[in-house]
Structures are given as structure tokens and as C-alpha cells.
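Down below is the structure, laid out as C-alpha cells.
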Amino acid sequence: MTRPLRVRIAPSPTGTVHLGLCRTALFNWAYARRFGGTFVLRIEDTDHDRNTQASQQAILDGLRWLGLDWDEGPEQGGPYEPYQQSERVERHLAWAEKLLASGHAYRDFSTPEQLDAWRAEQEGRKQRIAYRGADRDLDLAEAERRAAAGEEYAVRFRIPDGETTFEDLIRGQVTIPHHEIDDWVMVRRGAASPTYNFVVVCDDLDMHISHVFRGEEHLVNTPKQLLLYSALGEPAPEFAHLPLMLGTDRKKLSKRTGDTALGDYQAKGYPREAIFNFLALQGWALDGETDVFSREQFVERFDIRDVAKAGAVFDPDKFLWMAGEYLRGEKPEELAAHVKPFALEAGWMSAQELQERWPWFVRLVASVQERLALYSDLPHWVGHMFQPHAEVPYDPKAEKGARKRERRVELLTGFADALESGAIHGSPAQWAEQTKAWIEAQGAKIPDLFQPLRCALTGMAGGPDLFETLDLLGVPAALERIRAGAQRLA
RNA sequence: GGCCCCUUCGUCUAGUCAGGCCUAGGACACCAGGUUUUCAUCCUGGCGACAGGGGUUCAAAUCCCCUAGGGGUCACCA
């Protein structure tokens, strides 16, 4: 049976935007885009205390930031509104009534205490048995009478005998025996508040979702949902359970072993395309050879059937490498724009000053581009530029190296004189040539001057071409730094 | 513990469905060289895996069985 391809993600707005959600979204999105389907975003905010408006906004913003777009969702709407689960409760309850009437569900009047007692009883058992409600076999009319009398109850699904087998698009055949599945609660006692496993099916049905791609932690929920589809007499969607993203402890990625929130990586200055690309690589590969690819290539090649079965351990090293790969590929203008917030945050100058010196800033950024992996690496390399010239902090390693050069003071002073007098002039490339010739004329080696010079100019042991740096600094400032250096390194 | 899922270099993975093209390919990391005034980039090379055991077959990373290990899940959370 073919029906229109419709996929969705249904995040619950609790806390931060988890990378796992991002990847699930990525795969759903790519599948829809590749095969011409519709990508739906539904907010799973079933009246839980943990749901917050801020979190919902963060999810929307985060996914958009990643470059994902959805065809139907809470803000733009769509043909199956509303896209907030909490606003669909009436529908859910109606489905529940239907199931109650057909006998696929029943009212369970058990109290929480009774349930606790039952659970305690299970503790000791080797073979846990699935819960079957005490009132499972209560006469329907009798149950309705007690309900009408105001007695509180939960609505439970009546799990039939047998087992459920389904075809997972990633894992193949999966079978789970029904005696493992509780008569789970569809609607909570008293509150008329439906539970996740129930509403997810109602909503997917209502929204005509054809494929459900979600994390592996939902694998064991699937039979419950499948049983529900069949009780409702409706066709079930296809399912695929994505391998989990694991922390270095090999457990489900959590804060315990590192940052898990998209926001953490945005704040650290990971390029968006790098995050996108890296996430796509968690459980999937373009061709086994290519690690760096565009989102167009991704969409062109992605198929849920090619997703790996085994969990993927999140490798921060490779992620960092990927970040650098994208960052270094940016155009200087583009990079400068990305790095701007970090420059402002460093407090070197006001936004207005930065605007005025923009061409200079772009050159400055370009000079260190190949040394950066993250946008936030910028201050490390160019921070010295904004220090008082006479007291640029010296890195101990840089200073040590400079002091090894015995003629440092003499050469530094001589070079400053040559620069000031115009003996060294022209473009940075010409300065380099002239300086090298001058060093030779002094009977010295290149590092004899260059090492102390780099220390005096930047205070750092490494960095971009010296003359480029000198040019960026400007001759007057450079002279001040060199003369101060001659004294400080004496 | 029950059930379910998984298992190729330290890590991400290609190859497994259609057994031979695999003396198992790529990438990150690591190590060693080269380039550079330095750091970084870049280039070259190296290290390094089919979880174990049985079978089937002329032939198995690929098919079957068992064992071991890892993970997920066992809520009136989602």
C-alpha cells in the first residue's frame, strides 16, 4: 500500500535541545526531502510539569539554526492543526472512549496503593510477569456505573495473548511476546490526561504519518503502539529505530560524559555545517570514503535503510576536526562575520569600532584562519593585538625561546632602527626580503632575530607570518612593541 | 534479573541483504618524516579490526548455531 510520505519528529519541550534529537530530526528531514515527502514537527507537550515555553522555542530555533525546515508545525500550522499535543486532548479522549466501547481498553479502578503492592510482590520473582489490571474482566456496564458514580479510574489497554512481529526498516524483523507487555495506561487516573504511548499513536494517525524514525529507546514501545493501531482498525506506519548516540562510557549520550546540547556547541563556536555533517555521520556514511559532504549530497544519498544498527560513540576529537575543516573553508568575510560575536565578547572594541575597522578585522581574521578550529579560538591567536604595546603578555615558551638568542637586544634594536629610518620599506613581502638580507649582513641567522621579534610583537611562540602581523599592527605600534621588547628581553 | 536490540582498527565507518573483486578500504586520533622564521595548515608514510567457538561450502567479515560482551527497556515520564 502506498500513501503519501509523511514523517515527523515529536520532541517534548523539556530542557535543552539534545544532539540526539537533532540527529533524529536530520534523518527524518533528509528522508522527506529526498523522497519528496512532508516533514512535520509536533510538540509533545502533554501537560507535564517539565514542559516550558522557553524550551519549545529553543527547539524551534535550534533546528532552524541547523538549517532544517519543516512543512507543518506549531508556528506555521498546516492541514492537521494543532501541532501542539496538549491542544489535542479532546481528540485523544474521544479515541479512548471508542476503545473502551470496543473492549480494547478497560477502566481500572485500582488505587496507586494497590499497584505499589503488586509491584512489591513482583520484586522477588525471577520471571517478571506483565501487569494485567485487577478490573480487566469487570463487566462493561458495571464499570460504567462505577465511573458514573464518580469513582476514579485509569484507562488501560487490553493486551491480547500472542506476540507482535514487525519489520523495522533498520533492524529487520523484531518480535516481542505479549506476556512481556503490561496492560499499559492510556489515560491517567482521575486527571483525564492521556499518556505518551497513547497520544503518539492518535496524533500520528490524525496527521497521516507514514514513517516513524526515532531513537532505539522506543523499540520496545513499538508493539504497544502497533497493537493500538490494529485495535483502532487503522494501518500502522513503517518504523525504523535509529541506533543510539553513545557517550565515551558507551551509554546513552548524557551530560555525564560531555556536552549534549546543541547550544553548547553553538556557544563554543562550532560551524553549523560542521555540526550538521558530523551528526549525519553518526550511524550513516555517504560512501565509506567521504567524510566531509554538503547537505545537498546528504539529501541526495540518504536512505533510512542504510543506517547502521549499532550505537555510535560520540568522538569529540573528530567533531573538532570537522569543525576546523569547515571553518578553514570559509571565505574571510564569512569567517569574520561568524567570529564577530566572540570578538565583541572579548571586549577589544565596541561594535561600532569594529564596524569602522571591518576591512582590517577581516584581514586579521584571515591571517589566523588556518590556525582555528572553532570560532571561539580567535581570541587566543589575536588577543595580543589589543593589549597595551609596552606590556603585551609574554608566553613563557615564547620568552624562553627569545632569550636563547644571544644577540636579541642588538638585533631587535637594529631592526627597529632600520624599520623606522625607512631602510626597510614597501610591502610586507618586501620587508621580509629586506629583513632577511639585513640579518645576513649582520652575520646572524634568521631565528636570531625572528624569534625575539615574534615574542616582542605578539608574545606568542607561534603564529602567522611575522610581516603580515607587523603590517596588521601598523609600523608605529610595532616599533613600540619592538623597543619595549628590547628592554623586556634584556 | 526478564525481554528486546547490537558486535569490523582506540573511535566514526565501507564491505554483510545478492559468499569469491577483502593479503578487509576511508576518516579521526596517535607515531615518524617533509614543507614553514615559528605555530598551524598542507603533503608522505606508519600503527591498527572481522568478539570467541562450532558448522555449511571448493570458498565465509559475509549464511546457520552456540557462547561471551555491550546497550536499551521494564512508570498513571516522554
Side-chain angles (χ1 to χ4, degrees), chain A residues 10-14 44-46 48-51 85 108 110 112 115 119 122-123 125-131 153-156 168 170-172 174-177 179-182 184-191 193-197 199-200 215-223 241 243-244 246 248 250-252 278 281-292 305 308-322 324-325 328 368-373 381 397-398 401 432 435-436 439 445-451 453-455 458 460-467:
Chain A
S12 60
T14 57
E44 210 103 338
D45 59 345
T46 38
H48 196 261
D49 308 337
R50 297 180 305 172
N51 293 333
Q85 207 155 55
D108 186 9
S110 305
L115 215 75
R119 227 173 258 128
Q122 294 302 305
E123 282 298 302
R125 291 184 196 264
K126 259 210 265 305
Q127 177 89 33
R128 182 188 171 281
I129 48 174
Y131 182 79
Y153 61 88
V155 178
R156 286 183 184 272
D168 185 286
I170 293 174
R171 282 152 221 285
V174 177
T175 300
I176 294 179
H179 59 76
E180 285 298 323
I181 309 173
D182 287 335
W184 51 281
V185 170
M186 291 164 42
V187 182
R188 295 183 186 90
R189 183 181 158 87
S193 109
T195 64
Y196 164 80
N197 273 119
V199 296
V200 78
E216 195 189 342
E217 68 265 33
H218 290 287
L219 189 61
V220 294
N221 278 331
T222 308
H241 290 89
L244 259 16
L246 275 20
T248 40
R250 305 205 68 94
K251 292 198 199 317
K252 201 154 62 158
F278 185 73
L281 239 24
Q282 300 300 294
W284 186 79
L286 187 78
D287 57 11
E289 304 279 309
T290 315
D291 283 310
V292 181
R305 280 160 250 266
K309 296 184 175 90
V313 176
F314 183 84
D315 181 0
D317 282 334
K318 188 156 184 176
F319 196 11
L320 194 60
W321 163 79
M322 179 75 73
E325 204 68 11
R328 285 187 292 274
V368 295
Q369 181 163 16
E370 67 194 27
R371 268 154 276 259
L372 310 181
W381 290 101
K397 204 173 147 200
T435 303
K436 283 172 186 170
I439 291 171
K445 296 265 189 275
I446 286 176
D448 290 338
L449 170 65
F450 278 28
Q451 225 169 336
L453 182 57
R454 178 175 298 284
C455 180
T458 71
M460 309 207 353
D465 177 83
L466 270 179
F467 298 94

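Keep in mind it's a predicted model, so treat the numbers as computed, not measured. Letters A, B, ... mirror the listed sequences (proteins, then strands); counts begin at 1.
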- Message: Walk along nucleotides 13-34 of chain B from 5' to 3' and tag each nucleotide B, S or - by protein heavy-atom contact under 4.0 Å, base first, then sugar-phosphate.
- Response: SS----------BBBB------

- Note on the structure: The contact string for nucleotides 63-78 of chain B, one letter per nucleotide 5' to 3', using protein heavy atoms under 4.0 Å with B, S and - for base, sugar-phosphate only and none, comes out as --------SBSS-BBB

Expressed as a whole number of Å, how far does the [atom1] atom of [N] sit from that of [M]?
{"N": "B:rU23", "M": "B:rC17", "atom1": "C1'", "value": "26 Å"}
{"N": "B:rG48", "M": "B:rC64", "atom1": "P", "value": "31 Å"}
{"N": "B:rC42", "M": "B:rC21", "atom1": "C1'", "value": "34 Å"}
{"N": "B:rG20", "M": "B:rU57", "atom1": "C1'", "value": "12 Å"}
{"N": "B:rG10", "M": "B:rA49", "atom1": "P", "value": "7 Å"}
{"N": "B:rU35", "M": "B:rU44", "atom1": "P", "value": "15 Å"}
{"N": "B:rG25", "M": "B:rA14", "atom1": "C1'", "value": "6 Å"}
{"N": "B:rG45", "M": "B:rA51", "atom1": "P", "value": "29 Å"}

Can you tell me the Watson-Crick or wobble partner of [N], both distances under 3.5 angstrom?
{"N": "B:rU62", "answer": "none"}
{"N": "B:rC17", "answer": "none"}
{"N": "B:rC4", "answer": "B:rG71"}
{"N": "B:rC28", "answer": "B:rG10"}

- Task: Send over the distance from A:Gln451 CD to B:rU38 P, rounded to a whole Å.
- Result: 9 Å

- Query: Nearest-Å distance, CG (A:Asp448) to P (B:rU38)?
  - Reply: 13 Å

Within a strict 4.5 Å, meaning less than it, do heavy atoms of the [X] and [Y] side chains meet?
{"X": "A:Asp448", "Y": "A:Ile439", "value": "no"}
{"X": "A:Thr222", "Y": "A:Val174", "value": "no"}
{"X": "A:Leu281", "Y": "A:Met322", "value": "yes"}
{"X": "A:Val220", "Y": "A:Glu180", "value": "no"}
{"X": "A:Ile170", "Y": "A:Lys309", "value": "yes"}

- Item | Comparing A:Phe450 and A:Val174 on RNA chain B - which has the more 5′ nearest nucleotide | A:Val174

- From B:rU37, B:rC4, B:rU41, nucleotide with atom closest to A:Arg328 side chain: B:rU41

- If you look at every strand shown and take non-hydrogen atoms under 4.0 Å, does A:Ile446 touch a base, only sugar-phosphate, or nothing? sugar-phosphate

- Task: Please work out if A:Arg454 contacts a base, only the sugar-phosphate, or nothing of the nucleic acid, heavy-atom cut-off 4.0 Å.
- Result: base

- May I ask you to decide if the ring planes of A:Phe278 and A:Phe319 are parallel, tilted or perpendicular, using 30° and 60° as cut-offs? parallel

- Task: Write down the atom of A:Leu466, the atom of A:Leu453, and the distance for their closest heavy-atom approach.
- Result: CD1-CD2, 4.0 Å

- Item | For A:Val199 against A:Pro194, the heavy-atom pair lying closest together | CG1-CB, 3.5 Å

- Go through A:Leu219 and A:Asp168 one step at a time and tell me if the side chain to side chain contact (heavy atoms under 4.5 Å, CB included) criterion holds. CA-CA 9 Å; A:Leu219 189 61; A:Asp168 185 286; 3.9 Å; yes

- Item | A:Ser110 and A:Asp108: CA distance, side-chain angles, deciding distance, side-chain hydrogen bond (donor to acceptor under 3.5 Å, both in side chains) verdict | CA-CA 6 Å; A:Ser110 305; A:Asp108 186 9; 2.7 Å; yes

- Under 4.0 Å: is that the gap between some side-chain N or O of A:Lys309 and OP1 or OP2 of B:rC5? no

- Check: B:rU41 base within 3.5 Å donor-acceptor of A:Arg371 side chain: no

